[in-house]
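Comments concern the structure below.
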Amino acid sequence: MKLLEFLKRERKKSASVAKERLQIIVAHQRGQRDQPDYMPMLEKELLEVIRRYVQVDQDAINISLDSDNDCSVLELNVTLPRDE
Amino acid sequence: MAKIIVVTSGKGGVGKTTSAAAIATGLALRGNKTVVIDFDVGLRNLDLIMGCERRVVYDLINVIQGEAGLNQALIRDKRTENLHILPASQTRDKEALTPEGVEKVLETLSQEYDFIVCDSPAGIEHGAQLAMYFADEAIVVTNPEVSSVRDSDRILGLLASKTRRAERSEPPVREHLLITRYDPNRVTSGDMLTLEDVREILAINLVGLIPESEAVLRASNQGVPVVHDMDSDAGQAYADTVSRLLGEDVPLRFHEYQKKGLLSRMFGGGRR
């Protein structure tokens, strides 16, 4: 019985792994598609300024730009470390 | 006014030149006056795939620099009426390809031809961006494989922002997905992305599906675009693709697993 189950158990097909990985990377790419060219630089410099005051990790900062009809909103989320 | 179609992909080696040659030839065989232009300055290959490498005298850059007339550089295809090839330069600097120069060449060709097919170089740099800049339609050649699909998505991003149509806020470039080197047997065994997977991830309209085929290498060996080999699966699949580009509704073929019969298993698959 155990042997039968073992034989029946299929390894995850490589194509479905490929699909999952691509869906994530493509969603990420598309998120960046509409943002202005200066965004990566802005993100980097903002992080530098924040780091002058608080030690935060690279991934503790989240920056996004949303555009409505006639105004754009720059959203900056920084997760600060808990006070010791 | 000609319709300008760019054949592009981002990733190299997925079948851009094979597809550009086959599609341009297919359009001409259907009676459309067609010219196919190689934008791959320094690494030209379209002339080889079209079988006219020994007849190249002048090239696109000679025309742009005013060293030759357009009619001197255009090569008339020997097999197909209505078809001309404009080769890329093998020796010149890529920077000689200027937007103004390309625009002028395309404008002149546009008066005389029905279709202008631009064979893009790989990558997303200068040459690739110029090849797509003036396009009305884009054929994005994609293999069912992770790096090719990701790069195709990058190209879709550029088509939506770095083309003349995008910059002038005109109707966007029409994007078509062309899946090449598709192997239904590997799809069935779960080791290759299905065409639905690729279509779903890239979210554009499928214009054709070219199966992995021995006919493609045979065609490039001989310098005869594979669409001339109508006994082959790839030749028929490219002909279907051309029909769809021309607006016809043609059912998809060659995407299903073919179980080999006893005879073909014993004596090999036969000619594909």
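In this text the structure is predicted, and so the values were computed from the model without any measurement. Computed over heavy atoms, backbone and side chain alike; hydrogens, waters and symmetry mates excluded. Order of the sequence lines fixes the chain letters, A, B, ..., with proteins taken first and strands second; residue numbering starts at 1 for each chain.
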Original post:
Using non-hydrogen atoms only, which part of R186(B) is less than 4.5 Å away from chain A: side chain, backbone, both, or neither?
Top reply: neither
Original post:
By a 4.5 Å heavy-atom criterion (distance strictly below it), what part of S189(B) contacts chain A: side chain, backbone, both, or neither?
Top reply: backbone
**OP:** Start with the C-alpha distance between D197(B) and K19(A), add both sets of side-chain angles, then the distance that settles salt bridge (charged side-chain N to carboxylate O under 4.0 Å, His left out), and finish with yes or no.
**Re:** CA-CA 7 Å; D197(B) 289 342; K19(A) 187 181 180 184; 3.2 Å; yes
Subject >> Residues D40(B), K16(B): salt bridge by 4.0 Å N-O rule >> reply: no
Original post:
Is chain A contacted by the side chain of L158(B), its backbone, both, or neither, given a heavy-atom distance below 4.5 Å?
Top reply: neither
Subject >> Test: E167(B) and K162(B) ion pair at under 4.0 Å >> reply: no
**OP:** Before accepting this row, confirm whether a basic side-chain N of the pair R174(B)/D136(B) lies closer than 4.0 Å to the acidic partner's carboxylate O.
**Re:** no
